[in-house]
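Okay, structure first, notes after.
Each ligand, and each atom within it, is numbered from 1 in the order the structure gives. Since the structure is predicted, the reported quantities are computational estimates derived from the model, not experimental observations. Quick note: numbers below take in every heavy atom, side chains included, and nothing from hydrogens, waters or symmetry partners.
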Amino acid sequence: MSGAGAPGDDAALLARAVAARDLAYAPYSGYRVGAVAVAATGEVFDGANVENASYGLSICAERNAIAAMVLAGKRALAAVYVATESSPPASPCGMCRQTLLEFCDDPATVRVVSTNPAGERVEWTVAELIPAGFTGKQLP
Ligand code: THU
């Protein structure tokens with residue numbers, strides 16, 4: 001696989017996700033997450049989880065990174081890098097999976113790579129994380 005978010009970029013982009021994790025605002029769960037969305041153009045967008053005293057308003061790192069990408073005018077997602085605090089590294093929640101799917105031209109080619117403070121690494125494609133997902137193609 002080559003192009004934006006290809007395996008050769010993993011170390012730098014995971015380091016960037018770790019840096020985003022340091023900026024997380026997670027005083028309620030104490031669980032910090034950083035994420036990096038790589039657009040098909042190669043541009044990179046950061047996100048971290050941002051919690052709220054009204055717990056249900058908390059936003060995940062992955063969705064914040066996707067929002068930053070969209071606000072920069074980019075809608076084609078190439079890869080996502082996540083820095084969690086779990087072992088093994090956690091995968092994106094269901095709501096984030098659906099959000100990632102929205103911006104995949106081909107979910108089978110969009111990599112999601114997750115790491116943790118121990119340096120463990122796990123990888124999936126968006127198609128693996130949300131098989132048979134609902135998309136705009138199903139809408140009339
Ligand atoms: N969280 C993320 O940022 N990404 C996920 O995919 C899973 C969960 C956040 C939400 C909340 O702030 C904290 O982790 C605990 O659930």
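Side chains of Asp10 and Tyr81: a donor-acceptor N/O pair is present below 3.5 angstrom, by distance only.
When the side chain to side chain contact (heavy atoms under 4.5 Å, CB included) test is applied to Arg16, the partners found at least two apart in sequence or on another chain are Val36, Val44, Asp46.
Summary of contacts: the protein heavy atom closest to atom 8 (C) of ligand 1 is Cys60 SG, 3.9 Å. Closest to atom 14 (O) of ligand 1 among all protein heavy atoms lies Tyr31 CD2, 3.3 Å. With hydrogens left out, the protein atom closest to atom 9 (C) of ligand 1 is Asn49 ND2, 3.6 Å, a heavy atom.
Ligand 1 has a nitrogen or oxygen under 3.5 angstrom from a nitrogen or oxygen of Ala61.
Listed by number with element, the atoms of ligand 1 under 4.0 Å from a non-hydrogen atom of Pro92 are 6 (O). Every atom of ligand 1 is numbered from 1 in the order shown, and the set under 4.0 Å from a heavy atom of Ser29 is 13 (C), 15 (C).
Arg111 places a side-chain N or O within 3.5 Å of a backbone atom of Gly5 that can act as its donor or acceptor partner. Of the possible polar contacts, none joining the Ser54 side chain to the Leu57 backbone as a donor-acceptor pair under 3.5 Å is found.
Between Glu85, Glu62, Glu51, Arg63, it is Glu51 that holds the heavy atom closest to atom 13 (C) of ligand 1.
Inside a 4.0 Å radius of atom 16 (O) of ligand 1 there is not any protein heavy atom.
In this structure, the side chains of Ser114 and Ser91 stay at 4.5 Å or more apart for every pair of heavy atoms.
Contact record, Gln138 with Thr135: OE1-N, 2.7 Å, taken as the closest heavy-atom pair.
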